[in-house]
A.B. asks: 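Dropping the structure in here first, questions after.
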Amino acid sequence: MDVSQLDKYRWQIARDTSSGMHVPGIVYSDEILMRKVLQDKSLQQVANAATLPGIVEASLAMPDIHYGYGLPIGGVVATRVSDGVVTPGGVGFDINCGVRLLTTQLEAPAIKKQISNLLQSLYNNIPCGVGSRGRLKLSRKELRRVLQKGSRWAIQNGYGLAEELDRTEEKGAFEETDPDLVSPKAMDRGSQQLGTLGSGNHFAEIQVVDTIYEKNIATAFGLHEGQITVMIHSGSRGLGHQVCTDFLSVMGTATKKYGIKIPDRQLACAPLSSVEGKQYLLAMRCAANYAWANRQIMAHWARETFMKILGLSPRDLGMISLYDVAHNIVKIETFTIKGKKQKLAVHRKGATRAYPAHHNAVGEYFKAHGQPVIIPGDMGTHSFVLVGTEKALEQTFGSTCHGAGRVLSRKAAIKKAKGRIIQQELEQKGIMVLAKGRQTLAEEMPEAYKDISRVVDVVHNCGLSKKVARLTPLGVIKG
DNA sequence: ATGTTC
């Protein structure tokens, strides 16, 4: 592979036509982050994606890039709807994994003594862990409604505020869905998991805003220094995982049927114009809607928890979603490519949409400044709020990074944590942790991840998004 | 990420 540095924050993988690349690969990074990336197999995955039929401009990767299934985490791939393909490997197993940030009217010093109570109560009210079952048990009929209506189902059933819909990407629901394409197995897995956090890197966190970078934008977003916020990182649970699994098998057959040559079976795909391609999109959107409803419901329970423990009215607490972003998803979006408007299937796998001010898809609340970009840190480190930019629209199909990105595999992290008590290490840093399993804490320890500040600085410095605020964790619950 | 090996 021919990898060369283009400028301070970009590396290019030259287009190699002999291996079938239609476009080059471009990785946004810096010299220090890139050292490790050059040693792993994720760059080969960037190159592999460049062979997908209909890919435009370049196979992209964000600074949080690491090895994944088919496409790396941190990958962004846009294909022409007219003659391109869609690949489940470009979305990932956790369809619409994403993040929601809630702002409050609370100041950190005032509730410092209550953090422990709040965290324990959050842990009681939000089911955590692999295979955890929720407080809701949905009939098949009701679950179908969730898959069609997403966050709107949650709001209409009393889990949240109507204003929160405009503060969610896609208003919390894709309209074009087909629940009949979600298998009975996926429906079974989903019926008892709505309103559950999950495991792995998923978390709910009580935070304090510790730095403001852009005063005007922060104020417009309702953020100020010393303020308490709550962040929820979760996805579509077993339902989304099953939808992905089901369609990987469909796509394996479709790849052969349509005579598509791919260098890695994990990039199994189908033309967007084919039955298989269209069906995947319709099923993927059901899972995405489930994830939005999931985060909406947990956000509501977080609000109820705070009201109860602090004895505050909704007005005095003032807890509301600032925004909710998807970072594992494929969406049909319109872009101007070489002066021509084109419909593209933008695969963001561990990448966040970052639309600028005055973009049509950005809701009224954020029109003046651009879309809030919510970047969760790994356990025990800072999280960030950024805002989308024109440059992202021009260079990365309106995309930026999604988090820190792993440097150690789960297995390597467990090995490194052997003999240590990660929970104690975090508590010494002033971060309370409540978790289901010790193994998850080992897998998710800070050393398993890249430096989030460095990752965010790359996207900030190269203009893919702009830093608005930094958040410090006070307490975290995990699966 | 995941009823963590259908």
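Below, chains carry the letters A, B, ... as their sequence lines are ordered, and counting in each starts from 1.
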A.B. asks: Is it true that A/Arg438 and A/Gln423 share a donor-acceptor pair across their side chains at a distance under 3.5 Å?
C.D. replies: no
A.B. asks: Do we see a donor-acceptor contact under 3.5 Å between the side chains of A/Glu304 and A/His300?
C.D. replies: yes
A.B. asks: Return the value, rounded to whole Å, for the distance between atom OH of A/Tyr69 and atom P of B/dT4.
C.D. replies: 17 Å
A.B. asks: Looking at A/Lys278 and A/Glu176, is there a salt bridge between them, counting it only when a charged N and a carboxylate O are closer than 4.0 Å?
C.D. replies: no
A.B. asks: Could you tell me the separation between the CD atom of A/Gln439 and the C1' atom of B/dT4, rounded to a whole number of Å?
C.D. replies: 8 Å
A.B. asks: Classify A/Ser199 by what it touches in the nucleic acid, base, sugar-phosphate, or nothing, heavy-atom distance under 4.0 Å.
C.D. replies: sugar-phosphate
A.B. asks: Strictly under 6.0 Å, is that where the ring centroids of A/His233 and A/His402 end up?
C.D. replies: no
A.B. asks: Give the rounded distance in Å between these two atoms: CG of A/Leu248 and P of B/dT2.
C.D. replies: 16 Å
A.B. asks: Grab the CZ-P distance between A/Phe93 and B/dT5 for me, whole Å please.
C.D. replies: 12 Å
A.B. asks: Look at all strands and tell whether A/Arg237 reaches a base, only sugar-phosphate, or nothing, counting heavy atoms closer than 4.0 Å.
C.D. replies: sugar-phosphate
A.B. asks: Would you kindly give the CD-to-C1' distance between A/Glu443 and B/dT2, to the nearest whole Å?
C.D. replies: 11 Å
A.B. asks: Could you check whether A/Gly235 gets within reach of a base, just the sugar-phosphate, or nothing at all, counting any heavy atom under 4.0 Å?
C.D. replies: nothing
A.B. asks: Pick base, sugar-phosphate or nothing for A/Gln193, based on heavy-atom distances below 4.0 Å to the nucleic acid.
C.D. replies: sugar-phosphate
A.B. asks: Could you give the CG-to-C1' distance, from A/Asp188 to B/dT2, as a whole number of Å?
C.D. replies: 16 Å
A.B. asks: How many whole angstroms separate atom CD of A/Gln192 from atom C1' of B/dT2?
C.D. replies: 17 Å
A.B. asks: Just how far, in rounded Å, is C1' of B/dT2 from CD1 of A/Ile95?
C.D. replies: 12 Å
A.B. asks: Select from A/Val130 and A/Arg406 the residue whose nearest nucleotide in DNA chain B is closer to the 5' end of that strand.
C.D. replies: A/Arg406
